[in-house]
Amino acid sequence: MRNVILAIFMAVACFAFIIAGHLYWESKVAEAVKEAQERVRADAGSEQAAKQANPILAQIKTLPADVQAAIKRAVEEKRPIRLVIAGSESTPENGGWPELLKRALDDAYGKGTFHITVHEYNGLTTADADRQHIAADWANDEPDLVLLEPFLLNDNGVVMIDDTLAHIQSIIDELQSAAPDAAVILQPPNPIYNATYYPKQVEALERFAKDNGYAYFDHWSAWPDHKSEELNQYVDPESDLPTAEGAKVWANALAKHFIAQ
């Protein structure tokens, strides 16, 4: 009889031990989950607080990672974001879409947040630009960002696209050698009416950017179709340069890339 009672006691004790262990384990798991949730909330709160303390960080959230990193570095160093804009006569130093983009960035981020320098090169092809080492001009500005409009329109019918892309890579290599922290953003020149080969050059530029990890800001989707005569209201058919209306379209399209909606 004593053996039976002892066996029952041992069984009850073992069962109680198992239940206690299970409850203890559940409590530890629940505690770990609670701590993890609190850490996530704290991290989210810290990130939100940082964005509220510096609204610039909220505005750049849709930009490519390397562009964001370059801007954050300038913010942390408490200085203006140095943006270099470079390109052909489609990217004029005075007037045109660069000035309109500057106004949009000033309105969104506050005047002086971006320090913008424009380098306009009239009549150059990519081969000319490469030979003249124009990237040295930009490196002297110690840029955080370089928004480059390669000379595709000037290359059209003059330089084969494979050579164009090789020259673009050479130009970027020279820039990154002199200014390794600069983030490169590529964009096409303006469209032109009823072109045949030129749109294929632009498509090749976009593929080149994606294949090599460069940011690419498309603005062609904001213009009228290049096969439509409506485009002639936005691009002068005599000069192939943007009109005042075309400059607005270009600047607005780029602003949407730079400013989170």
Side-chain angles (χ1 to χ4, degrees), residues 67 70-71 74 79-126 128-156 168 171-172 174-175 178-179 182-193 198 202 205 215 217-220 222-224 231-259:
V67 178
I71 292 175
R79 59 172 175 78
I81 302 156
R82 295 188 286 262
L83 168 60
V84 168
I85 300 175
S88 69
E89 52 269 47
S90 291
T91 298
E93 185 173 357
N94 297 306
W97 68 262
E99 282 192 3
L100 298 177
L101 177 61
K102 182 181 184 303
R103 290 178 200 168
L105 294 178
D106 284 345
D107 290 343
Y109 288 95
K111 194 169 184 179
T113 299
F114 279 83
H115 175 76
I116 298 177
T117 306
V118 180
H119 292 277
E120 175 188 359
Y121 302 93
N122 290 320
L124 291 192
T125 63
T126 53
D128 297 329
D130 193 6
R131 281 194 296 268
Q132 293 180 25
H133 303 288
I134 64 171
D137 298 341
W138 321 333
N140 289 335
D141 297 323
E142 299 181 337
D144 298 299
L145 311 174
V146 174
L147 176 59
L148 173 59
E149 173 258 302
F151 308 91
L152 265 67
L153 197 50
N154 291 343
D155 280 8
N156 186 31
I168 292 170
I171 291 167
I172 293 174
E174 183 173 2
L175 169 68
V184 175
I185 305 168
L186 294 174
Q187 63 162 339
N190 54 274
I192 56 176
Y193 172 61
Y198 176 49
V202 171
L205 175 66
F217 284 2
D218 170 48
H219 56 84
W220 272 36
W223 300 75
L231 183 61
N232 290 330
Q233 300 174 34
Y234 299 85
V235 177
D236 186 333
E238 296 297 324
S239 66
D240 288 339
L241 298 178
T243 64
E245 289 303 310
K248 291 177 186 177
V249 168
W250 194 336
N252 289 340
L254 291 180
K256 290 179 180 178
H257 284 283
F258 276 104
I259 305 164

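Index from 1, following the sequence.
Interatomic distance, Leu148 CG to Leu175 CG, rounded to the nearest 0.5 Å: 9.0 Å. Interatomic distance, Phe217 CZ to Lys256 NZ, rounded to the nearest 0.5 Å: 14.0 Å. The CG atom of Asp155 lies 10.0 Å from the CG atom of Leu124; values are rounded to the nearest 0.5 Å. Atom CG of Asp128 and atom CZ of Phe151 lie 9.0 Å apart (nearest 0.5 Å). Distance check: Ile85 CD1 to Glu93 CD gives 11.0 Å after rounding to the nearest 0.5 Å. Taken from CG in Leu153 to CG in Leu241, the straight-line distance is 7.5 Å, to the nearest 0.5 Å.
Remark: the backbone N or O of Ala104 is not paired with any side-chain donor or acceptor of Asp107 at under 3.5 angstrom. For the pair His219 (side chain) and Pro188 (backbone), a donor-acceptor distance under 3.5 Å is present. For Trp97 (side chain) and Ser90 (main-chain N/O), a donor-acceptor pair under 3.5 Å exists by modelled atom type. Using modelled atom types, one side-chain atom of Thr243 and one backbone atom of Gln233 make a donor-acceptor pair closer than 3.5 Å. Listed for the Asn156 side chain is no donor-acceptor partner under 3.5 Å among the backbone atoms of Leu152. In this structure, Asp141 contributes its side chain and Pro143 its backbone to no donor-acceptor pair below 3.5 Å.
Side-chain contact check for Asp137 and Tyr121: at least one donor-acceptor pair (N or O, by modelled atom type) lies under 3.5 Å.
Here the closest heavy-atom approach between residue Glu89 and residue Gly123 is recorded as OE1-N, 3.1 Å. Of all heavy-atom pairs between Pro189 and Glu149, the closest is CG-OE2, 3.3 Å. Minimum heavy-atom separation, Pro191 to Val235: O-CG2, 3.3 Å. Annotation for Ala74 and Pro80: closest pair CB-O, 4.1 Å, computed over non-hydrogen atoms. Taking every heavy atom of both residues into account, His257 and Asp218 meet most closely at NE2-O, 3.0 Å. Nearest heavy-atom pair across Ala183 and Ala70 is CB-CB, 4.2 Å.
Using a 4.5 Å heavy-atom cutoff, the side chains of Asn190 and Trp223 are in contact. Side-chain contact between Phe258 and Leu101 is present, with at least one heavy-atom pair separated by less than 4.5 Å. Between Arg82 and Val84 the shortest side-chain heavy-atom distance does not fall below 4.5 Å.
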Do Asp106 and Lys102 pass the salt bridge (charged side-chain N to carboxylate O under 4.0 Å, His left out) test, and can you show the C-alpha distance, the side-chain angles, and the key distance before you say yes or no?
-> CA-CA 6 Å; Asp106 284 345; Lys102 182 181 184 303; 2.9 Å; yes
Test side-chain contact (heavy atoms from CB on, under 4.5 Å) on Ile81 and Leu105 and set out the steps.
-> CA-CA 11 Å; Ile81 302 156; Leu105 294 178; over 6 Å; no
side-chain contact (heavy atoms from CB on, under 4.5 Å) evaluation trace for Thr91 with Leu147 | CA-CA 10 Å; Thr91 298; Leu147 176 59; over 6 Å; no
May I have the step-by-step check of side-chain contact (heavy atoms from CB on, under 4.5 Å) for Trp138 and Ile171, ending in yes or no?
-> CA-CA 11 Å; Trp138 321 333; Ile171 291 167; 3.5 Å; yes
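A side-chain contact (heavy atoms from CB on, under 4.5 Å) with Ile71 holds for exactly one of Thr113, Leu145, Asp144; it is Leu145.
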